[in-house]
There are 2 protein chains.
Amino acid sequence: MFASLQTIDTRSGPRPAPIAWSPRSAAPVEARLARRAETHPLEALEPSASTLCVEKDREIYSQGDPAEFSYRILSGTVRTVKLMEDGRRQVAEFLLPGDFFGGDGLDDHDLAAEAVSAVVLRRYPRRAVEALADRDADVARRLRGLASAKLRAAREQMMLLGRKTAVERIASFLSDLAARLPNSRDGRIALAMGRADIADHLGLTIETVCRTLACLRRDGVIEIAREAVSIRDARSLHALACDPRH
Amino acid sequence: MFASLQTIDTRSGPRPAPIAWSPRSAAPVEARLARRAETHPLEALEPSASTLCVEKDREIYSQGDPAEFSYRILSGTVRTVKLMEDGRRQVAEFLLPGDFFGGDGLDDHDLAAEAVSAVVLRRYPRRAVEALADRDADVARRLRGLASAKLRAAREQMMLLGRKTAVERIASFLSDLAARLPNSRDGRIALAMGRADIADHLGLTIETVCRTLACLRRDGVIEIAREAVSIRDARSLHALACDPRH
DNA sequence: CGAACTATTGAACTAGGTCAAACCCAGTGG
DNA sequence: CCACTGGGTTTGACCTAGTTCAATAGTTCG
């Protein structure tokens, strides 16, 4: 049933006791940094947050909805989707455990968010997030950092969509996903999303995604199982992705 | 199928120091603009800002540079550019007077910024911007708003690049530009950028941009002058752009 | 087993890319 | 005043990467 990704046991109960929070704490830099590694920017809001589960393919919020909540993924995969009247679809991003979404600023969501797999979320009231950011400059800074990362990713995606070939798109996608998935040792990447989602993320058709994957397999770069891909030749993959990271 | 290889990359020359800068310049340009555009989030930093002029096609900063400054455009047009090793180019955005750029968060710029036309900029030290945001929650909120707007635009662009046809891309582009240019009464849009820039922004080739513009002209939707386009039938244009705005 | 999906593969087609030639100015210099 | 040069732009003729259409093959589930 839970064949998907790492299932951090998270049910609402065992929440680490919220540390007493002093907004202007003069904690030593090192302590601050250490804590930063393990905590997320909205730690202070845990008391007012709630946990929810969403079934596969259910909508979390839809395009145009007022943005009342911000979310953090505990387990599962989420896609954010933009839709045109005639049904053409663009998947803006795939979100993994630990990622935030829904808090991208404006008053209403410009994208819908949907569960790719069964998903467990932590949900924070936007009003509280705003208030926290207003009173805690460190939180505000970290939120800015998150926004910047999203913007950077969006721009990388623009390059991909505007200028890369099908092979480069697929290679970039796999390469990127491998880097983001924590437990992708031995190069195995679990693909929670179907070919259609991948196609709509990369600006291709389902058929081209299939053919291109097949092509990469023929060349010995990857192996394909239905729900996962294994990277056999990471170097080639990165080269094909035109990825300056490697 | 290597996309658009512009003739050459004329950027690489040793870039001379910025032409002119004066810490407190009360240029007439600025006075004029101040009148029009009420206040901006960095108003408080004006004392530590400086004004600079950049010639057409000069680089303002390049991909990978440490992000030391944030900029606001007083006059002219700027493009932000992402480059691949083999010369393929993606123009992420065109920036107009009043727009901010360079402050998108991370420690170094993921895009280069270049002057499309001769440009006058106001430049703010990032350190000061950060400090101001830390101490003034209202500023921080407005900066977050700017970042959100950029993210939203980037996503719209992803839809365009991933799923729209050439005609839709051109129509969207013109439509969007018309909405952003203040003085586009009588539907006349001044195009500061050349066809190559437009092509690299829309994920097309120069030739396709030309042909598509010609096609829109044939259909009576627009008129084309060398440096500008006049919208003759805004309704059709918006319809072609698949623009929910109309 | 069969229905309903999703993925894969093949064959034909097309939107947009590539290559190449003409055009159109704005300078420049005779 | 005009020819000449050099940049961007426009148009035409052809080509191909990726789409579309259609048929096949696994998988899941009742």
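So that the names make sense, note that chain A is the first sequence line, chain B the second, and so on, each numbered from 1.
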Original post:
Considering only side-chain heavy atoms of Ile224(B), which listed nucleotide, dT19(D), dG18(D), dT10(D), is closest?
Top reply: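 The nucleotide sitting nearest to the side chain is dT10(D).
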**OP:** Could you work out which one of dG16(C), dT8(C), dT10(D) sits closest to the side chain of Arg195(B)?
**Re:** dT10(D)
**OP:** Have a look at His109(B) and tell me which of Phe101(B), Tyr71(B), Tyr61(B), Phe69(B) forms a ring pair (Phe, Tyr, Trp, His ring centres under 6.0 Å) with it.
**Re:** Tyr61(B)
d([atom1], [X]; [atom2], [N]) in whole Å:
| X | N | atom1 | atom2 | value |
| --- | --- | --- | --- | --- |
| Leu161(B) | dA15(C) | CG | C1' | 16 Å |
| Ile222(B) | dT10(D) | CD1 | C1' | 14 Å |
| Ile170(B) | dG16(C) | CD1 | C1' | 12 Å |
| Arg88(A) | dA15(C) | CZ | C1' | 13 Å |
| Arg163(B) | dA15(C) | CZ | P | 16 Å |
| Arg217(A) | dA7(C) | CZ | P | 14 Å |
| Met193(A) | dT6(C) | CE | P | 15 Å |
| Asp57(B) | dG8(D) | CG | C1' | 12 Å |

Original post:
Can you tell me if the side-chain N/O atoms of Thr205(A) get under 4.0 Å from OP1 or OP2 in dT19(D)?
Top reply: yes
**OP:** List in chain and number order the residues that pass side chain to side chain donor-acceptor pair (under 3.5 Å) with Arg180(A), two or more places apart in sequence or in another chain; answer none if no residue qualifies.
**Re:**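 Side chain to side chain donor-acceptor pair (under 3.5 Å) check on Arg180(A) returns Asp99(A).
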**OP:** For Ser236(B), check side chain to side chain donor-acceptor pair (under 3.5 Å) against everything at least two apart and list the hits.
**Re:** Asp233(B)
Original post:
Any side-chain donor-acceptor pair under 3.5 Å between Arg72(B) and Tyr124(B)?
Top reply: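 Their side chains do contain a donor-acceptor pair, which is all the 3.5 Å distance test asks for.
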Original post:
Base, sugar-phosphate, or nothing for Leu213(A), non-hydrogen atoms under 4.0 angstrom?
Top reply: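 It contacts nothing in the nucleic acid.
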Would you list the protein and nucleotides 21-26 of chain D atom pairs, both N or O, that sit under 3.5 Å from each other?
unit_1: dC21(D); atom_1: N4; unit_2: Glu207(A); atom_2: OE2; d: 3.2

**OP:** I would like to know whether Ser172(A) and Ser175(A) meet side-chain hydrogen bond (donor to acceptor under 3.5 Å, both in side chains); could you show each step before the answer?
**Re:** CA-CA 5 Å; Ser172(A) 299; Ser175(A) 190; over 6 Å; no
Subject >> Carboxylate-amine/guanidinium contact Lys150(A) Asp104(B), below 4.0 Å >> reply: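 Salt bridge between Lys150(A) and Asp104(B), a charged N being under 4.0 Å from a carboxylate O: no.
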**OP:** Could you go through the side chain to side chain contact (heavy atoms under 4.5 Å, CB included) check for Leu121(A) and Leu74(A) one step at a time?
**Re:** CA-CA 5 Å; Leu121(A) 301 171; Leu74(A) 299 182; over 6 Å; no
